[in-house]
Amino acid sequence: MEENQEEKQLHLDQRYLRMARIWAENSYCTRRQVGALVVKDKRIISDGYNGTPSGFENVCEDENGLTKPYVLHAEANAITKLARSHNSSEGATIYITASPCIECAKLLIQAGIKRVVYGEKYRLEDGLNLLRKAGIETIYIEA
């Protein structure tokens, strides 16, 4: 029996989200490891995981176990990496292991992302609400 387009898209979404979870393993953060993949025309055009900026020590938490204020989120790393490439994220899908915060949601809107697929719900929903207000499709896929 042939899959319909929706089933095909769901299988693709699940596959890319699994890949984002594997990519999250690159993070040195101990509290939470988050991965992101930007996909356009079935090609991964960027990737990111949460961590410190280039040139900083790979330690995300302070001595009290709190995340340092300059740690970049996975989505921010993926979007800024795109800025250094010749690719455009206009109309792309981002796969993130956790739903985006409001700051990352703003970046995704400005980057022209049209779909956000995530696998874990963040405690605050303001990022998702902003994306929906901007007309961006948000899809939760349980692990």
Side-chain angles (χ1 to χ4, degrees), residues 1-61 65-143:
M1 193 168 94
E2 195 173 308
E3 283 186 308
N4 67 32
Q5 280 307 111
E6 279 181 27
E7 288 172 330
K8 278 184 182 174
Q9 187 61 59
L10 175 63
H11 286 131
L12 262 180
D13 287 346
Q14 290 169 328
R15 192 168 300 133
Y16 283 123
L17 197 53
R18 280 197 309 273
M19 292 168 72
R21 284 192 188 98
I22 291 167
W23 199 244
E25 295 172 14
N26 288 313
S27 173
Y28 288 92
C29 298
T30 53
R31 284 183 71 201
R32 171 184 270 178
Q33 294 179 312
V34 180
L37 294 177
V38 180
V39 176
K40 187 174 178 179
D41 302 324
K42 295 184 184 176
R43 283 187 320 116
I44 297 170
I45 60 169
S46 191
D47 56 66
Y49 50 87
N50 57 326
T52 55
S54 299
F56 283 70
E57 76 289 351
N58 287 321
V59 178
C60 298
E61 293 84 12
L66 299 173
T67 302
K68 293 178 180 179
Y70 54 84
V71 167
L72 287 156
H73 289 186
E75 308 93 308
N77 268 326
I79 296 300
T80 54
K81 191 181 278 190
L82 266 171
R84 292 178 158 200
S85 75
H86 297 291
N87 287 313
S88 165
S89 52
E90 190 68 43
T93 297
I94 190 165
Y95 295 88
I96 321 165
T97 57
S99 61
C101 70
I102 194 155
E103 293 303 318
C104 287
K106 290 187 240 178
L107 289 175
L108 298 177
I109 292 165
Q110 290 300 93
I113 298 289
K114 290 299 170 217
R115 291 176 77 238
V116 175
V117 179
Y118 62 99
E120 188 183 311
K121 292 181 180 176
Y122 182 60
R123 59 184 166 78
L124 300 174
E125 295 229 346
D126 49 357
L128 289 172
N129 292 338
L130 184 64
L131 291 170
R132 291 179 189 124
K133 187 174 182 178
I136 295 171
E137 185 181 5
T138 61
I139 300 152
Y140 171 61
I141 297 179
E142 213 166 350

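Throughout, residue positions are numbered sequentially from 1 according to the sequence presented.
In this structure, the separation between NZ on Lys114 and OG1 on Thr93 is 11.0 Å, given to the nearest 0.5 Å. The OG atom of Ser99 lies 9.5 Å from the CG atom of Leu131; values are rounded to the nearest 0.5 Å. Rounded to the nearest 0.5 angstrom, Leu130 CG and Ile109 CD1 are separated by 4.0 Å. Atom-to-atom distance recorded for Arg18:CZ and Leu37:CG is 12.5 Å, nearest 0.5 angstrom. Ile96 CD1 to His73 NE2: the interatomic distance, rounded to the nearest 0.5 Å, is 11.0 Å.
Atom CD of Glu61 sits in a crowded spot, with more than 12 heavy atoms from other residues, nucleotides or ligands closer than 6.0 Å. Dense packing is recorded around CD of Glu57, with more than 12 heavy atoms of other residues, nucleotides or ligands lying under 6.0 Å away.
Using a distance-only test at 3.5 Å, with no hydrogens or angles considered, no donor-acceptor pair links the side chain of Thr97 to the main chain of Arg21. A donor-acceptor pair under 3.5 Å is absent between the side-chain atoms of Lys81 and the main chain of Gly48, judged by distance alone. A distance-only check finds a donor-acceptor pair linking the side chain of Asn50 to the backbone of Arg32 [under 3.5 Å]. When atom types are taken as modelled, the side chain of Ser46 and the backbone of Ile79 share no donor-acceptor pair closer than 3.5 angstrom. No donor-acceptor distance shorter than 3.5 angstrom exists from the side chain of Tyr95 to the backbone of Arg15, with no hydrogens or angles considered. A donor-acceptor pair under 3.5 Å links the side-chain atoms of Glu7 to the main chain of Asn4, judged by distance alone. In this structure, the side chain of Asp41 does not engage the main chain of Arg43 through any donor-acceptor pair within 3.5 Å.
Taking the six-membered ring for Trp and thresholds of 30 and 60 degrees, Trp23 and Tyr49 have ring planes more than 60 degrees apart, a perpendicular arrangement.
Side-chain contact check for Arg115 versus Asp13: some heavy-atom pair is nearer than 4.5 Å. Contact check for Pro53 versus Tyr70: side-chain heavy atoms found under the 4.5 Å cut-off.
Of the options Thr138, Leu10, Ile141, a side-chain contact (heavy atoms from CB on, under 4.5 Å) to Val117 is made by Ile141 and by none of the others.
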